[in-house]
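To start, the structure itself, in structure tokens.
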Amino acid sequence: MTEEPHRPVIRPEPVEGRPAPVVRIERLSIALPEGADRPFAVERVNFNLRPGELLCVVGESGSGKSMSANALMGLLPDTVRVAEGRILLEETDLLREPADKLYDVRGRRVAMIFQEPMSALNPLMKVSAQIEEVFEAHGLLTPKERKDKALQLLTEVGLPDPPRAADSYPFQLSGGQRQRVMIAMALALEPQVLIADEPTTALDVTTQAQILKLIARLQKERNMAVMFITHDFGVVAEIADYVTVMQLGRIVESGPADEVLYSPEHPYTKKLIAAIPKLRAGAAEKTASAPVLTVEDLTKTYHMGGGFFKRQRDVHAVKGVSFTLGRGETLGIVGESGSGKSSVGRCLVRLQDPTSGRVLLGDKDMAHLKGTELRAVRRRIQMIFQDPFSSLNPREKVGRIIADGPIAYGEDPKRALSRAAALMEMVGLDPRGVNRFPHEFSGGQRQRIGIARALALEPEIIVADEAVSALDVSIQAQVLDLLGTLKKDLNLSLIFITHDLRVAAQICDRVMVMQKGEVVEIGPGAAIFGAPKHAYTQSLIDAIPGREKEAAMA
Amino acid sequence: MARFIAGRLLKAIVILICITILNFFLIHAAPGDPAAVMAGEAGETDAVFLQQLRERFGLDQPLYMQLFIYLKSVVQLDLGYSYRQQFPVLDLIADRLPATLLLSLSAFVISLGLGILAGAVASARQGRWSDTLISMVALIFYATPLFWLALMAVLLFSVQLGWLPGFGYETVGAGYTGIARALDILSHLVLPALTLGLFFMAVYVRMTRASMLEVNTMDFVKTAKAKGLRPGVIQRRHVLRNALLPVVTLAGLQAGQLVGGAVLIETVFAWPGIGRLMFEALSQRDYNLLLGVFVISAAMVLLFNLITDVLYRVVDPRIRVTS
Amino acid sequence: APSAGGKVNLIVQPEPPSLMIGITTNAPALAVGGNIYESLLRYDEKLQPMPSLAKSWDISPDGLTYTFKLQDNVKFHDGKPMTSADVLFTVNDFLMKTQPRHRNTMARVESVSAPDDKTVIFKLKQPFEPFIRSFAFGSQPIVPKHVYEGTDYTTNPANEKPIGTGPFKFVEWKKGSYIKLEKNKDYYLDGKPYLDELIYQIIPDGASRAVAFETGKIDILPGGSVENFDIPRLTALPNTCTTEKGWEYFAPLSWLWLNNRTAPMDNPKFRQAIMYAMDREFAKDVLWNGYGKVATSPFSSKLPFYSEQEPQYAFDPAKAKALLKEIGYDGKPLKLLPLPYGETWQRWAEAVKQNLGDVGIPVEIESTDVAGWNQRTANWDYDIAFTFLYQNGDPAIGVERNYKTTQISKGSPWNNVEGYSNADVDKMFDDAAVAYPAAERQKIYDKLQAKIMEDVPVAWLLELGFPTIYNCKFKDIVTTANGLAESMRDAYIEK
Amino acid sequence: MKDFWKRFARNKGAVIGLVILVAVIALSAAAPFLFPKSPWAMVQRPFIPPFTMDKFLLGTDPMGRDLASGLAHGASVSLLVGLVSTVVSLLIGIPIGALAGYFGGWVDDVLMRFTEFFQSVPSFALAVVLVAIFQPSITSIVIAIAIVSWPPVARLLRGEVMSLKSREFVEAAVLSGQTHATIIWRQILPNTLSPIIVLASMMVAAAILIESSLSFLGLGDRNVMSWGYIIGAGRTVIRQAWWVSFFPGAAILLTVLALNLIGEGLNDALNPRLSRRGK
Ligand SMILES: Nc1ncnc2c1ncn2[C@@H]1O[C@H](COP(=O)(O)OP(=O)(O)OP(=O)(O)O)[C@@H](O)[C@H]1O
Ligand SMILES: Nc1ncnc2c1ncn2[C@@H]1O[C@H](COP(=O)(O)OP(=O)(O)OP(=O)(O)O)[C@@H](O)[C@H]1O
Ligand SMILES: [Mg+2]
Ligand SMILES: [Mg+2]
Ligand code: NI
């Protein structure tokens with residue numbers, strides 16, 4: 001980011017009527033190892049956490065949010081070290097405390113919820129045991145009492161069937177449920193300070209809303225000081241009392257939530273807020289053009305288990321879905337997690353074989369082609385994958401990744417590679433990058449490589465499955481812009497799968513809402529978001545955090 | 001679970017029969033036959049003698065008939081008669097099995113126990129001298145020829161120091177019973193079990209260490225730290241258990257070799273086990289005996305594959321046992 | 001004076017397949033079985049007969065009738081008395097079915113009869129001087145008629161718990177570990193045997209056997225049970241004695257089979273060149289630690305009728321080269337099959353390869369295991385192959401089988417494997433066998449040895465020496481030409 | 001490439017390993033010049049202890065052969081046995097594992113049962129049987145070792161491929177119209193490189209050791225000098241002449257050590273993801 005340095009905007013903290021801070025982080029600098037992209041992960045940052053208040057830390061990926069939080073827990077990675085500063089928990093400086101004193105602090109006085117609900121729990125231990133461990137670590141209660149307390153906590157965080165959850169392994173719970181277990185664990189000893197590091201980023205809107213509510217409630221009830229890390233301004237608007245904005249390891253703006261959100265002063269803050277996708281239909285409604293793709297009664301059933309001696313279990317992921325896609329049109333598919341969005345997308349490109357139904361691409365039925373015929377049709381419909389890390393072969397050079405498709409269809413490798421460079425340029429990357437490996441690019445850049453790859457075969461249709469969900473707002477905005485431009489220039493049709501309704505609203509001509517494998521509503525974006533007909537659509541829209549406040553921003 | 005096991009057992013039997021047939025042809029492909037070997041040993045042969053032997057062993061029949069006869073008896077759980085030892089194969093094997101199992105199981109336990117322990121210590125003290133020492137020693141055990149190590153052990157502990165017996169299964173003719181006999185066998189067991197165990201121990205050390213280091217970087221370890229758990233508890237309860245899966249895989253492979261994997265050690269230490277029986281049967285072309293050992297060993301391998309899979313499920317509840 | 005009591009730990013190597021030496025005649029079976037079974041005679045180190053089950057014997061002057069008087073009070077281990085009926089059964093039935101060598105010997109016998117319980121008479125078709133040396137326990141162990149008659153000899157359960165008349169009884173065989181024998185209290189010689197227990201340990205690895213002796217776990221190492229390289233070290237141990245005696249009957253002689261059927265081995269000059277090329281003194285001194293003796297005849301020097309005849313083949317590479325040049329040898333590489341009996345033999349093959357290579361005969365070693373070796377030699381599938389054979393007390397029994405034309409037949413590794421055929425030699429062997437008395441035989445054998453030495457059908461190496469190494473407190477452990485196998489009856493521990 | 005070397009060179013152990021291996025290879029290449037006489041030639045009196053005679057630095061063996069010469073000449077054979085058999089078993093194991101993992105279903109079932117057969121006989125015993133069948137020679141030994149060592153390769157690869165197969169970049173490759181062969185060859189196999197390298201370095205070591213074990217049981221090739229042979233032969237005289245088996249043992253140990261170190265170094269250096277970690 002080549003921006004002129006601006007002076008940070010630190011608003012004076014109002015003192016009256018507010019309790020004294022329980023944690024004060026003062027002039028904290030954390031040095032990165034040699035060869036990192038900058039010398040300090042965080043540089044002279046200050047935070048104050050007060051009982052009963054919630055501080056939101058926002059900022060782009062890599063700006064040092066997690067580092068600050070980890071430093072407070074005393075859990076910095078081995079490769080970095082604290083260069084200067086103090087972290088005061090009441091009167092003790094945690095940075096100078098001997099290691100075994102910290103054991104008593106962690107979990108008991110300061111607790112943390114981590115970013116990844118999927119991996120933050122020990123996969124081999126039952127949930128209850130993992131919660132009981134917190135008491136055990138601090139030598140509290142008898143084993144029997146611990147068990148009861150764990151159950152009580154699970155009830156408190158609103159898990160549907162607490163006894164069953166207590167007796168489950170983490171893999172038997174959904175993402176949202178796991179995140180709630182983490183919260184239960186963090187709250188077990190009623191800590192003074194709670195740190196939540198992007199606790200909802202990976203979750204769909206409905207689950208997200210539940211968890212936000214839960215944290216807010218507990219915070220108020222127990223008078224905790226909370227540090228909440230996120231890059232989602234909707235979330236900030238919903239829950240923050242106080243906001244700190246970070247960029248490249250520095251605090252660029254901080255102050256009470258209302259002031260920062262509604263009258264941002266630092267250009268970076270402004271930019272972030274401007275980049276928030278708005279929940280309103282973007283593109284003007286197109287006059288219906290001839291459909292390039294017609295999907296008729298698409299059904300996908302997964303058969304699980306099943307062997308000689310095992311009963312088979314069916315998952316009806318997609319049930320009788322029909323729709324058309326016009327030339328140059330963008331169709332959004334939204335719906336909560338597990339509603340069958342990805343399954344539809346994967347059936348369209350035949351990464352999965354549909355159980356029944358037809359996918360007509362012109363007069364060819366994608367659903368029933370085989371071998372060379374399938375290959376021939378396939379180049380007309382391409383896909384952009386969700387995860388920019390795992391969708392690029394780490395051992396192939398970027399140019400070759402882009403050129404692989406054309407080469408597979410018999411193009412001369414030299415020409416294909418030079419075209420790859422052109423495509424790089426088209427998606428806004430330095431064409432000299434063709435000789436680098438994927439890991440040498442940032443997440444946003446990688447997603448562009450994915451787009452370039454999809455474009456290399458000059459398809460008529462592109463299916464984008466959560467193509468921007470993993471990116472932070474500013475980069476997300478860039479990629480969405482790019483897609484919009486390309487679509488116009490190349491007259492592409494786009495199927496855009498997402499669980500973020502605001503993103504769908506912004507770029508889709510028409511939106512299809514799915515629930516439990518069925519289409520509940522399909523129609524122009526404005527109609528869907530403006531006047532949802534179906535109750536389910538309405539509930540999805542209601543779950544979007546900070547809807548009204550966000551609207552007031554910008 | 002019971003169904004799963006039953007299914008696997010059924011499949012295993014089919015595989016076992018295929019393996020037996022393949023082994024049959026494999027063994028018969030080697031030059032020489034038991035009659036020639038026995039005639040050779042007798043130091044005196046004539047055509048009548050050879051013919052007698054071949055008839056006695058059924059070697060005058062066409063190969064497919066021999067196979068048929070053999071399979072028929074195997075299906076009836078009879079492994080036939082050893083040509084050379086004039087004894088039912090099953091009895092011969094049963095005779096040696098306890099010694100072999102004792103040796104390889106103790107080696108197995110030693111290697112697994114010490115290996116995991118040392119690996120865990122090394123990973124906990126990564127980069128420090130104790131880690132370097134453990135890793136180096138493990139590598140040396142890994143790279144030293146087994147029989148060489150065995151000889152050195154005998155020289156040191158048996159000849160020089162006189163602490164432990166250097167060969168055999170028990171003190172012959174001492175007439176020990178009860179505890180005294182158990183202790184006697186134990187003292188004979190120490191050297192061979194240790195030498196046999198060292199190689200695998202080295203492998204387990206390396207595997208456990210690498211695996212634990214990897215698990216250490218996982219998020220849930222951070223969660224455990226955030227709870228305020230002490231490092232020892234974290235390593236034991238959270239890291240080790242999650243790091244164990246690849247070790248279990250390997251242990252399954254080692255366990256499969258329990259019956260016949262110790263030819264060299266059994267030879268050097270005069271341990272009356274199956275490995276030696278097999279090697280002797282091979283060099284004497286004692287077809288039935290050799291096949292018998294192979295069948296038993298294959299059965300063990302299949303059995304341990306099954307046990308490993310079941311164990312997987314115990315260690316890691318995520319794994320659903322299918323196919 | 002000998003005192004009774006005590007036990008002895010020995011080695012048997014490899015583990016015998018069975019102890020029933022009427023059926024199984026390989027060396028380890030004999031080594032143990034010799035204590036359990038007995039025959040009519042034993043032989044001293046000059047191969048002169050001594051009483052065993054026969055207390056006396058008489059040969060008629062024409063050399064055709066042999067009359068044996070049996071010992072009194074001989075009982076089998078199951079308590080039943082041993083009589084001439086058992087001898088008849090053994091000789092006429094049992095061994096005829098199980099032992100090729102016995103069948104050969106009996107071809108010369110007209111009849112065997114037993115006028116009474118204690119007398120057995122053999123009548124020969126024509127004089128056969130070696131006959132008196134064919135009653136060793138290895139050739140003619142007396143088996144109990146009451147146990148075997150009318151059964152399938154090879155599957156009779158008694159084979160697993162052998163029943164003989166010998167000084168020791170079978171107790172236990174822990175396969176892979178040890179064989180235990182105990183004193184036969186009903187033995188017909190008063191006071192004998194002295195020892196209470198014989199334990200034959202099975203230790204498959206040579207180095208471990210050496211260690212076992214060193215650590216006192218083993219009292220007696222029979223010849224050949226440790227690698228030769230260990231012998232000097234073991235003999236230097238305190239209280240350790242050595243003897244080379246006890247091998248006179250077998251008198252093992254080693255040589256190289258030279259496949260006379262194929263060029264260039266079909267040329268006697270080439271075969272002579274091989275003899276000159278080999279440094280047999282080196283082999284004796286370095287590989288065999290000086291034990292044994294360089295062979296100077298197709299007969300072992302321990303054998304009756306041995307005599308040293310010209311030509312002799314001292315180590316002389318120059319002469320070998322000259323011979324090769326003379327016959328215009330083209331340098332065709334030859335394959336060498338070593339004997340798969342342990343390290344010494346492997347080393348020896350390497351040494352021979354070097355020796356032959358030095359005079360210009362390129363040699364490639366083909367390793368194989370015992371079964372492969374048997375198969376290859378028995379089917380004449382070799383160029384040069386190591387071997388060693390027992391001489392069994394008489395040239396007519398142990399030597400002529402390797403040189404006579406009639407002994408050329410596929411399937412056995414112990415007959416005329418090299419394919420040598422010379423009518424003169426055949427005739428001399430035939431004449432010598434039936435010549436009578438011994439002096440007549442000697443004359444023919446002298447000529448014969450000279451002729452064969454000249455022809456070099458095989459390349460003789462060493463008369464092998466297998467020293468027995470033992471704890472000096474054991475006395476009289478070798479009292480016959482068959483050594484340990486039958487002498488334990490006389491052995492005792494010096495108090 | 002430069003990057004690769006840099007990363008490789010950062011690993012001190014790997015560099016040491018490379019130095020040792022290069023030294024061993026140099027030794028084996030120079031053997032004919034350093035010791036022009038056959039290593040089998042009996043050149044001096046037997047049992048000369050090491051470091052007592054300048055001409056025979058490492059002493060002589062029980063037959064008066066120069067041990068240093070044997071060691072130098074044996075290096076090439078031992079390395080050959082190790083490397084060739086490893087390559088052969090990789091050539092068998094990789095395709096089988098890759099096909100089984102990639103196609104799954106009955107292909108997997110058939111291939112894995114096939115693999116199971118080779119696992120069901122104790123590996124060393126199988127090697128012994130095979131060598132006995134084919135008669136000991138350097139070729140048959142190499143083949144036998146390869147045959148008994150490929151199943152773990154196949155199993156490992158199958159696991160890797162199964163997990164890679166569901167990765168998004170493979171799906172992307174399917175979508176871009178690449179054939180199964182291209183996908184396996186270009187997308188999947190390069191990503192299995194690290195575990196294969198580590199495994200291969202262990203296999204080379206194991207192969208050298210199996211060869212020496214076969215030698216120990218008398219099933220070696222007596223026409224070529226190898227470390228395994230010297231150890232096996234020296235074993236019988238270990239009490240009189242420790243050096244005969246000590247030096248080749250140390251040579252095997254060093255080489256195996258070197259290969260392992262290199263393997264670990266390669267693994268780190270070839271893995272782009274590891275470099276990401278440092279960023
Ligand atoms: N283990 C580590 N070793 C070295 N550098 C690290 C490590 N973890 C993070 N960094 C670096 O520290 C800086 C701050 O990282 P941090 O994880 O705090 O970012 P973040 O703001 O939490 O970003 P995100 O929103 O992606 O989670 C980044 O430049 C990152 O590359
Ligand atoms: N390979 C599979 N085997 C079995 N079940 C599957 C498989 N893939 C998906 N499912 C199930 O099918 C249903 C629909 O899944 P799908 O991935 O299409 O949902 P989604 O709408 O994309 O959800 P998300 O927003 O979480 O990505 C879910 O219940 C899921 O568990
Ligand atoms: Mg973070
Ligand atoms: Mg999805
Ligand atoms: Ni169904």
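In the text below, chain A, chain B and the rest are named by the order of the sequence lines, each starting its count at 1. These numbers were taken from a predicted model, which means no experiment stands behind them.
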Heavy atoms of G177(D) and A408(A) approach each other most closely as O-CB, 3.6 Å
To check you understand the geometry: which heavy-atom pair defines the closest contact between N191(D) and P394(A), and what is its length? OD1-CG, 3.2 Å
Tell me which of these, D404(A), L457(A), L374(A), has more heavy-atom pairs under 4.5 Å with chain D than the rest. D404(A)
Heavy-atom cut-off 4.5 Å, strictly under: side chain, backbone, both or neither for L193(D) against chain A? side chain
Taking atom CZ of R432(A) as the centre, report whether more than 12 heavy atoms of other residues, nucleotides or ligands fall under 6.0 Å from it. no
Without swapping roles, check the side chain of Q382(A) against the backbone of L175(D) for a donor-acceptor pair under 3.5 Å. yes
So for L392(A), is it side chain, backbone, both, or neither that comes closer than 4.5 Å to the heavy atoms of chain D? backbone
Ignoring hydrogens, what is the shortest heavy-atom contact between N393(A) and F169(D)? Give both atom names and the distance. N-CB, 3.5 Å
Of R375(A), R378(A), R350(A), which is the lone residue that meets side-chain contact (heavy atoms from CB on, under 4.5 Å) with V174(D)? R378(A)
Looking at CD of E171(D) and CG of D465(A), how far apart are the two atoms once the value is rounded to the nearest 0.5 Å? 10.0 Å
Among R346(A), R453(A), R379(A), single out the residue with the greatest number of heavy-atom pairs under 4.5 Å to chain D. R346(A)
Can you confirm whether R113(D) is buried at CZ, in the sense that more than 12 heavy atoms of other residues, nucleotides or ligands lie under 6.0 Å from that atom? yes
How far apart are the closest heavy atoms of A172(D) and S391(A), and which atoms are they? CB-O, 4.3 Å
Kindly compute the distance separating CZ (R395(A)) from CZ (R186(D)), expressed to the nearest 0.5 Å. 13.5 Å
